[in-house]
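A short write-up of the structure that comes next.
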There are 2 protein chains.
Amino acid sequence: MVAKRARTTLSQIATAANVSVTTASNVANGRLELMSAATRERVETIMRDLNYRPNEGARSLRLSQRRSIGLIIVDDSPRFLADPMNTNILAGFSNYLSVNGFALLLCGIHHATIDDAHLLRRDQTDALCVIPSGSATERRRLYRRLKETEQPILIFQDDRPSFLPDALSVRQNDRLAGERIAERVIQRGARHLVLLVPSQHWPAVTERQLGIDHVVQASGPDVRFETVVCGSESVADTQTAISRYVDREGLPDVFMGGNDQMGIAALTWALDRHLSVPADVRVTGFNGFEFTQYVRPRLTTVTSPAYEMGKQGAALLLKRLARGQFDERQLVLDVELQPGDSD
Amino acid sequence: MVAKRARTTLSQIATAANVSVTTASNVANGRLELMSAATRERVETIMRDLNYRPNEGARSLRLSQRRSIGLIIVDDSPRFLADPMNTNILAGFSNYLSVNGFALLLCGIHHATIDDAHLLRRDQTDALCVIPSGSATERRRLYRRLKETEQPILIFQDDRPSFLPDALSVRQNDRLAGERIAERVIQRGARHLVLLVPSQHWPAVTERQLGIDHVVQASGPDVRFETVVCGSESVADTQTAISRYVDREGLPDVFMGGNDQMGIAALTWALDRHLSVPADVRVTGFNGFEFTQYVRPRLTTVTSPAYEMGKQGAALLLKRLARGQFDERQLVLDVELQPGDSD
DNA sequence: CTGAAAGCGCTTACAG
DNA sequence: CTGAAAGCGCTTACAG
C-alpha cells in the first residue's frame, strides 16, 4: 500500500495563526477583503513557514469541481507520442490549461483496452478530450463510452457524433488539404497519384483521401488515383509497401504520403534507389511539422495548425465549463499549401 | 464558475440495491468474499445501470493516496513536446502508469514560471517527476521547490542533489555516448571536432560534451575540440550558427550535433552548399530517434533508451510508493553507438 | 471582522 | 453476511 504522509492542513494553519479555519481558507483563496491586514499577514507567514499546499482532492470533493481535464489518445502504438500531430495538439492543449490553473491528465490507450482506462472508470476530471483513431465502428464505441461519463467532451480531428450533444469537434480542414495537394500535383502534370496510408485508421487521413478523390474526379478520366495501405507509419513499413507496389505496378507519377512521415519515407526510398525526385517520381506530404525541414529536396506539403488546435480547443473547453454549455459545436482550422521542391 | 453535476454516488447505489454503503463500497472495491453472491450481483447490476464511477477525490481524501503522479517538463520552448527525448520518456512513463492504474498529470513549464505551477502549489499527486533543463543554479532552485512538496521525486536525465534524500535519478549514460562518438570520429581521422549545443542548457548535453572532451584530452595535442552555441535547437538557428562559425574559422573535420536534430541541421546545411558528407565534412548526432531514418547519408549517432527510461523510472517510482522508500538512488541506462555513413 | 458547523463521497474499524 | 458511524480536508451559508 502507498504510505500515508501527514501534510499541513488548513486547521493546523488556523491553530498556529490563532484564527478559524474559515479565515485560513479565506486567506488561501485570496478573499483578503474579509479580514484585517494583520490577520492576513500572520496567516500568510505561517502558511509559508509550514509550506502549506491545499489538498486538491478535498477541495474538489466540496466543490464538485476538479480543475482537471483528461486527454485520451487512442493509438495502437505504444509510441503514441511519436506522432507529431498528437504531440503538437497536446503541447498547445497542455500549455493553455496550465496557464489557466487546470491540470491535464494524459492517457494513451489502445482500442482493446478502452474499458480499462482509469479516465473512464473513475470520476476525476471536469471534462474529457480525445484524439481518436480506428474504424468508424471503433470510434462509435469510444464515443458511447465517453457519453457515459456525462462530462463535456472535446474531440480532436474527428466529427461530433449526433448522440453527443455536449461535445465540441476541433479539427483542421483535412479535406481541403487533400484538395490543395491534389490540385497542385495535377496542375504540375501528375496523372497517376498514389496515396500512402497507414493500416491504422485515422479520420484525418480519410478526409485527405476524400479531398484528393474529389479533385481527381473533377479532373477527367486521364487522372488515376490509388491508395496503398502501408502497415505502420514507420519508415520501414512504408518503404516495404512502396517496393511491393512498384514491383507490381511500376512507378506512379507521385507518391503522396498520408502524412509527412510517410512522404519522407517515400522520398528516402526513391533516393536510396538513385531515383531523382521529382524528375523520376514526385513526393508530397501532409502537415509540415518541424522535421520536414530535415530532408532534401524540400517536401511539398500542407501545413497543420495542430498546436493552435490544441490551444483553441482548450480555450473553448474552459469556456464551456465556465458557462455551462458550448457556444459552438465545431471548430475547423485552415491549412495552407507549403510548396517544396519534391513534386 | 464551473457547473456542478449530480453524479451517481455510492449511497445512491446502496439505497437502490437495498444494502449499506459499506457493502456497496465492498463491491466497488472487489472485496467480493464479504457478501453473498446474490447481494453482489444485485449491486453490480445497479452500478452498471446507474453508470457508477467512483469519485476519486473522495477516495484519495479518505486514503491520503492520490493514485496520480505529476510530470514536470522544464523547457523554455512552448513546443516542449517537439523534443523527442521528452516525448519518448513521457510515452514510456505514461504507458507504465496507465497499465498500473495511476493517472499522469503533465505540466510543461518555463524556469520563470516554476512558482505558478499547480503541480507544485497544490497537493494532488503521490509523487513528482521532472525532466529538467537550465543552468546548475536554475536546476538547484527547481529541486528546492520540489523538496518543499515533501513527495518522492524522480529526476530524469540529471543527477540527484544530495539535499533530496527521497529521490531517484534515471538517466542514460550520456558521458559514455560522448566518448563513443568521439572515439569513432577520431579513429576515422577527424582532428578538428566542433560540437553544436543549444543555448538552453540541458544536463545531458553537458555530459556528452564532457565525454567528448575526455577522449579528446587522451588523444594528444593534434586533436582540437570546440563548442558552438546555436540558439534554439531549430534547423534555422543551428544553420545560422554553423554559417557564422565557418565564415570565421573554416570547415572543421566534423560537426557533432548535441542531439540528432542539430546533427541533421548540419547535414542539411552541408548538402545545401553542395558539400559532400562525409568527404568534405563529417556529421554526427546523439540519440537515434525515429526521424534519423529520414536523412541520407545515414546519420552516425548513439541510440537512446529514452522510452525504457520512462518505463523503468515509472516502475521504480511505483515500487517506492508501495514500499515507502527507494531501493536505489540512481539508474543509468546504457547507450549504443549506431554507425551511419555521415562520418 | 471572525468563527462554529454542516457536508461533499468515500473507506474502514467495529459491532452485531 | 451486513450496517451505522467516524473522519479525511476543504468551502460556505449563517450567526455573531
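Everything quoted here is computed from the prediction, not taken from an experiment. Note on naming: letters A, B, ... go to the chains in the order of the sequence lines (proteins, then strands), and numbering restarts at 1 for each one. Heavy atoms only: backbone and side chains are in, while hydrogens, waters and symmetry mates are out.
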- For the pair B/Thr23 and B/Leu34, evaluate side-chain contact (heavy atoms from CB on, under 4.5 Å) and give the outcome as yes or no after the intermediate values. CA-CA 8 Å; B/Thr23 299; B/Leu34 292 178; over 6 Å; no
- Could you please name the option among C/dT11, D/dC10, C/dT2 that lies closest to any side-chain atom of B/Arg59? C/dT11
- Message: From CD of A/Gln124 over to C1' of C/dC10, roughly how many Å is that when rounded to an integer?
- Response: 15 Å
- Message: Closest approach to the side chain of B/Arg62, judged atom by atom: which nucleotide of C/dT2, D/dG9, C/dC10 is it?
- Response: C/dC10
- Tell me the partner of C/dG3, counting only Watson-Crick (N1-N3 plus N6-O4 or O6-N4) or G-U wobble (N1-O2 and O6-N3) with both under 3.5 Å; none if nothing fits. D/dC14
- Message: If the cut-off is 4.0 Å, is B/Ser60 near the phosphate of D/dC8, judged by side-chain N/O to OP1 or OP2?
- Response: no
- Would you kindly compare A/Ser11 and B/Asn18 by the position of their nearest DNA chain D nucleotide and give the one closer to the 5′ end? B/Asn18
- Message: Looking at C/dC1, I'd like to know if its phosphate oxygens (OP1 or OP2) sit under 4.0 Å from a side-chain N or O belonging to A/Arg40.
- Response: no
- Task: Return the nearest nucleotide to the side chain of B/Asn26; candidates are D/dC8, C/dT12, C/dT2.
- Result: C/dT12
- Of all heavy-atom pairs between B/Glu148 and B/Arg145, which one has the smallest distance, and what is that distance? OE1-NH1, 2.7 Å
- Message: Below the 4.0 Å mark, does C/dT11 have OP1 or OP2 next to a side-chain nitrogen or oxygen of B/Ser25?
- Response: yes
- Query: Under the criterion side chain to side chain contact (heavy atoms under 4.5 Å, CB included), which of A/Leu146, A/Ile69, A/Leu317 is the partner of A/Leu128?
  - Reply: A/Leu146
- Message: Heavy atoms from C-beta onward define the side chain here; which of C/dT12, C/dC10, D/dC10 lies closest to that of B/Leu10?
- Response: C/dC10
- Could you point out which residue of A/Gln325, A/Arg320, A/Arg329, A/Gln151 forms a side chain to side chain donor-acceptor pair (under 3.5 Å) with A/Asp166? A/Arg320
- Query: Has A/Thr39 got a side-chain N or O lying under 4.0 Å from the OP1 or OP2 atom of C/dT2?
  - Reply: yes
- Task: Give a yes or no on whether a donor-acceptor pair under 3.5 Å exists between the nucleobase atoms of C/dT12, that is its base, and the side chain of B/Thr22.
- Result: yes
- Task: Report the nucleotide, chosen from D/dT12, C/dG3, D/dG3, that has the shortest atom-to-atom distance to any side-chain atom of B/Ser20.
- Result: D/dG3
- What does B/Arg122 touch in the nucleic acid at a heavy-atom separation under 4.0 angstrom: a base, only the sugar-phosphate, or nothing? nothing
